[in-house]
Amino acid sequence: MSSYNPMEWLNEMVTEPYYLFHFLAFFSYFILRTSLLFSPHHLLYREIQAVLALAVIAAIKFVRKESWEGFVAEFLFYAKILLVAVSLILDYHLTIWYIIVFSVIYILTQQPAFKGLGAATKLTPLQLETMLTEGNTSRFWLVEFRASYSSACIRASRSLPELSIIYSNKNLSFGIVDIGLFPNAAEKFGISLSGGMSQLPTYILVENAAEVTRFPDWDFEAKSSHPPLTKKLLSKHFELDRHLVEYLHEK
């Protein structure tokens, strides 16, 4: 998993409503459990089981997930399921309360995307078109098309910035276009936003203003699925190591 600054996490816990509300919701369990004055012996056993199950899930996800955004999203998902299950043993009114609270959090807040850009540049569609058509810019551009409303984009928001730090050079530049702000760019670059066929995030490699390849490269007649998006997958798909080696040889 990508390195993560603990201070950055603590700052987000305090300033981001998504994390703060989840923390308050989970913390409230201990207060409500004590105030209900109902603690059967088997409840403590169930609580220990839930904590151990969550710890196992967290360990597995920590190893498999490449980004903190993806890890936190899945960790909170399983934590909410276990909390609802345990609260059902305590009092079904408490279960209803948590279902309502988590529903409100889902409606009112959104998990924040990774804010860093690395060596990438945020672009408007017009700026991107200018960059691609000017002869004095990079030969290659790897552009990510994302939207802040897409959970898939939020979970993958760390990938391109971190790849740009490793592979950015005079021949290869990295850019980010927010489809949420510029929806017309989706049609222009052939990106589907419809229902289950949503292609966000989409990554397009351009050479001298001509598209070379993209990910995901959807075949609408085939099964609409692709492997989990990781930095390793993007690096392999766009042959970033080869581009870097070629650049170093040119020098």
Side-chain angles (χ1 to χ4, degrees), residues 1-2 4 12 16 18 61 64-74 76-77 109-129 131-132 138 140-168 172-207 210-220 222-240 243:
M1 184 183 292
S2 306
Y4 195 82
E12 288 189 349
E16 293 289 350
Y18 177 83
K61 296 299 179 182
R64 292 184 177 179
K65 284 294 176 182
E66 190 176 64
S67 73
W68 275 95
E69 289 71 26
F71 168 73
V72 170
E74 293 207 13
L76 290 179
F77 173 74
T109 68
Q110 183 181 46
Q111 182 180 7
F114 177 62
K115 295 180 176 62
L117 292 176
T121 306
K122 274 193 172 182
L123 302 168
T124 67
L126 181 59
Q127 289 173 329
L128 174 60
E129 186 175 356
M131 291 286 191
L132 297 180
S138 296
F140 293 96
W141 274 87
L142 180 55
V143 184
E144 176 188 32
F145 295 85
R146 63 166 67 167
S148 58
Y149 59 77
S150 167
S151 59
C153 291
I154 292 172
R155 297 185 186 195
S157 59
R158 189 178 293 263
S159 297
L160 189 89
E162 293 191 348
L163 285 173
S164 71
I165 294 174
I166 301 173
Y167 294 104
S168 182
L172 175 61
S173 296
F174 293 76
I176 298 172
V177 176
D178 191 334
I179 293 290
L181 297 178
F182 307 100
N184 292 337
E187 182 178 356
K188 181 176 181 179
F189 289 92
I191 300 171
S192 173
L193 304 179
S194 60
M197 298 299 292
S198 175
Q199 298 176 4
L200 293 178
T202 285
Y203 302 84
I204 300 179
L205 181 66
V206 180
E207 179 182 9
E211 180 177 330
V212 177
T213 185
R214 66 170 59 197
F215 181 88
D217 187 9
W218 290 81
D219 180 356
F220 286 94
K223 184 179 179 181
S224 57
S225 63
H226 57 78
L229 198 155
T230 64
K231 289 186 295 183
K232 182 177 180 181
L233 176 64
L234 291 176
S235 178
K236 181 179 180 180
H237 183 83
F238 294 106
E239 299 182 308
L240 298 183
H243 287 294

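Position 1 is the first residue of the sequence, and the numbers go up from there.
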- side chain to side chain contact (heavy atoms under 4.5 Å, CB included) between Ile154 and Tyr18, intermediate numbers included: CA-CA 13 Å; Ile154 292 172; Tyr18 177 83; over 6 Å; no

- Message: The test is side chain to side chain contact (heavy atoms under 4.5 Å, CB included); show your working for Leu172 and Leu240 and say whether it passes.
- Response: CA-CA 9 Å; Leu172 175 61; Leu240 298 183; 3.9 Å; yes

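Formation of a donor-acceptor pair under 3.5 Å by the His237 side chain with backbone atoms of Arg214 is found in this model. In terms of modelled atom types and a separation under 3.5 Å, the side chain of Gln111 and the main chain of Glu69 share a donor-acceptor contact. At least one donor-acceptor pair closer than 3.5 Å links the side chain of Ser164 to the backbone N or O of Pro161.
The CG atom of Leu163 sits 11.0 Å away from the OG atom of Ser168 when rounded to the nearest 0.5 Å. Considering CG of Leu200 and CD of Glu144, their distance stands at 9.5 Å, rounded to 0.5 Å. Taking CD of Glu207 as the start and CG of Leu142 as the end, the distance is 13.0 Å to the nearest 0.5 Å. Between the CG atom in Leu234 and the NZ atom in Lys232 there is a gap of 12.5 Å [rounded to 0.5 Å]. Ser150 contributes atom OG, which lies 11.0 Å from atom CD1 of Ile179 (distance to the nearest 0.5 angstrom).
Residues passing the ring-ring contact (aromatic ring centres under 6.0 Å, His included) test with Phe145, sequence neighbours excluded: Phe189.
When side chains are defined from C-beta on, His243 counts as touching Leu205, because their heavy atoms get closer than 4.5 Å. You'll find the side chain of Leu229 reaches within 4.5 Å of the side chain of Phe215, heavy atoms only. Residues Asp178 and Lys122 fail the side-chain proximity criterion, which asks for heavy atoms closer than 4.5 Å. Thr121 places none of its side-chain heavy atoms less than 4.5 Å from the side chain of Gln127.
Ala156 approaches Pro201 most closely through the heavy-atom pair CB-CG, 4.2 Å. Contact record, Leu160 with Ala120: CD2-CB, 4.3 Å, taken as the closest heavy-atom pair. For Phe238 against Tyr203, the heavy-atom pair with the smallest separation is CZ-O, 3.4 Å.
Sequence neighbours left out, not one pair with a member in residues 147-166 passes ring-ring contact (aromatic ring centres under 6.0 Å, His included).
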